[in-house]
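If you read the sequence from its start, that first residue is 1, and numbering goes on from there.
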Amino acid sequence: MKISLAPYMPILLDCSSNELAFLNLCLFALPNFVTLYVVGRWDELLMESEEVMSSYETFRLMLELPVVEVSAIKKARYIKVIPDVFIGLSQKNRDAIWQQLYALTGLNDSKRIFAGVNESIDILKILSDHKETAIMHFNPYQDISILDLLKSHMPRLEQLKHSHESKKMGDKIISAFSAFDRNDDEYAQKLLRTAYIEHPGNIDDRTYLYTYDKRNKTFVEFRPGRNNVYHGMDISVEEARKKSPYIVRKYHK
C-alpha cells in the first residue's frame, strides 16, 4: 500500500508567507510509503525558492524526498474538478494543479491526496477519460498536519476470539495470534501497521492484510471489520502462499 501526495507547489515553496502551510505539510517527516507528485523538474522547482536555496541542508533534504516528476500532458486541461478549486488562480498555477490531479487519477494502487488549496474540502471529484475519480484533499492552512491525516487512516487492532494460544470453542479450533498480549498489544499493533504498509494495492473494509511475524516465526492474517478495525491470527506458510504470495516472496519463505 502506498499514499501519493500532490502538494500544490506555490504553497510548498513560498515558505516565508505561508509558514503554517509549509510546516503542516511535514515533508521531511513523511512515512516511507508516501510519494510526492510534482509538475516539472523537482530540482528546478526547489531552485525557484529563495527560502529553500538559502539553506544547503534544506535543499539537500528536499532533493532526497521520494518524488515522481509529472510531465505536462495537454489533455490534463480538460479534466473537470468538483468543486472548482481554480477560482482566483493564475493560468500557471491552474496548469500545475491540472497536471497533478490528472496524474493522480491514473493511479490504481494508491490512496491519493491533493494538498494545497485553501478550501474546506474533504474530497475532490475528478472527471476525466469518461470516468470519475475521488481524491482526498488536505488543506495545509488548517491547524492539522498531513501526518495527523495519515495517522487517521492507519488501521487499529481490536482483537476478538484469537489470543496468543489456540483454543477449542465448541467443535472449532480457534487459531492463535502468537503476537498478541492483552497487557501490552504494541507489538501486535506494529505488525498490523506493517501489514498495512506492505499491502501492494488499495485497501478498503474488505481487504485482508498479511505480514510475517519474525519474533514468533509465523505468517499473520489480519481480517477487516469497519472503520479501519482489524483482528489478527497466525496462518501457515502454505496458507500464506495461497492468500498472499507477495508477502511470502518478500520474506523469502
Note to self: Check whether Q100 reaches the backbone of V39 with its side chain - one donor and one acceptor, N or O, closer than 3.5 Å.
What the structure shows: no
Problem set entry | Within one Ile-Leu-Val-Met-Phe-Trp-Tyr cluster: L61 and L46, side-chain cutoff 4.5 Å | yes
Check your understanding: Does a donor on one side chain and an acceptor on the other come within less than 3.5 Å for Y187 and D213?
Key -> yes
Would a hydrophobic clustering, with Ile, Leu, Val, Met, Phe, Trp and Tyr connected at side-chain separations under 4.5 Å, put L127 with I79? no
Quiz prompt | E198 vs Y210, side chain to side chain contact (heavy atoms under 4.5 Å, CB included): CA-CA, chis, key distance, verdict | solution = CA-CA 8 Å; E198 290 175 342; Y210 299 89; over 6 Å; no
Heavy-atom donor-acceptor pair, Q189 side chain to R156 backbone, under 3.5 Å
no
query = Yes or no on side chain to side chain contact (heavy atoms under 4.5 Å, CB included) for V85 and H137, after CA distance, side-chain angles and deciding distance?
reply = CA-CA 11 Å; V85 296; H137 175 252; over 6 Å; no
In terms of hydrophobic clustering (I, L, V, M, F, W, Y; side-chain heavy atoms under 4.5 Å; direct or indirect links), are V248 and Y208 co-clustered?
-> yes
Sequence neighbours excluded, the answer for ring-ring contact (aromatic ring centres under 6.0 Å, His included) partners of F222 is F177
Are the side chains of I121 and N139 in touch, meaning some heavy atoms are under 4.5 Å apart?
no
### Query
Can Y212 be reached from Y246 by stepping across I, L, V, M, F, W or Y side chains whose heavy atoms are under 4.5 Å apart?
yes
Heavy atoms of P31 and L147 approach each other most closely as CD-CD2, 4.0 Å
If we ignore angles and hydrogens, is there a donor and acceptor under 3.5 Å between the side chains of K214 and Y251?
no
Note to self: Is there a salt bridge (charged side-chain N to carboxylate O under 4.0 Å, His left out) between R193 and E186? Walk through the geometry before answering.
What the structure shows: CA-CA 10 Å; R193 292 192 293 269; E186 178 52 35; 2.6 Å; yes
Rounded to the nearest 0.5 angstrom, the CE-CE distance for M62 and M53 is 11.5 Å
So CG of L104 and CD1 of I135: to nearest 0.5 Å the spacing works out to 4.5 Å
Nearest heavy-atom approach of A179 to A188 is O-CB, 3.8 Å
Fill in: Flag, side chain of E69 to backbone of R41, donor-acceptor distance under 3.5 Å
no
Here the pair of heavy atoms bringing L209 nearest to A195 is CB-CB, 3.8 Å
Can you tell me if D129 uses its side chain to pair, donor with acceptor, with the backbone of K131 under 3.5 Å? no
Given side chain to side chain contact (heavy atoms under 4.5 Å, CB included), test N228 with M154 step by step and report yes or no. CA-CA 7 Å; N228 284 348; M154 294 298 283; over 6 Å; no
query: Donor-acceptor pair, T194 side chain versus K190 backbone, under 3.5 Å?
result: yes
Looking only at heavy atoms, the pair that brings L191 and T211 closest together is O-CG2, 3.6 Å
Examine V68 and W98 and state if one hydrophobic cluster contains both, with Ile, Leu, Val, Met, Phe, Trp and Tyr joined whenever side-chain heavy atoms are less than 4.5 Å apart.
yes
For S236, the side-chain contact (heavy atoms from CB on, under 4.5 Å) test, sequence neighbours excluded, returns E238, E239
Below 4.5 Å, heavy atoms only, C-beta onward: do L124 and I82 meet side chain to side chain?
-> no
- Could you tell me whether the side chains of Q91 and D95 share a donor-acceptor contact shorter than 3.5 Å? yes
Checking side chain to side chain contact (heavy atoms under 4.5 Å, CB included) for the pair M136/I123: CA distance, chi angles, key distance, verdict? CA-CA 5 Å; M136 289 185 290; I123 297 291; 4.0 Å; yes
Rounded to the nearest 0.5 Å, the CD1 atom of I113 sits from the CG atom of L149 at a distance of 5.0 Å
When rounded to the nearest 0.5 Å, the distance separating NE2 of H231 from CG of L192 is 11.5 Å
Distance col, row F114:CZ vs L5:CG, nearest 0.5 angstrom, shows 9.5 Å
Discussion item. Any non-hydrogen side-chain atom of Y102 less than 4.5 Å from a side-chain atom of K75?
Written reply: yes
All heavy atoms of I235 vs all of E221, minimum pair found to be CG2-CB, 3.8 Å
### Task
Please tell me if the side chains of V38 and L45 come closer than 4.5 Å, counting only heavy atoms from C-beta onward.
yes
Rounded to the nearest 0.5 Å, the CD atom of E158 sits from the CG atom of N227 at a distance of 9.5 Å
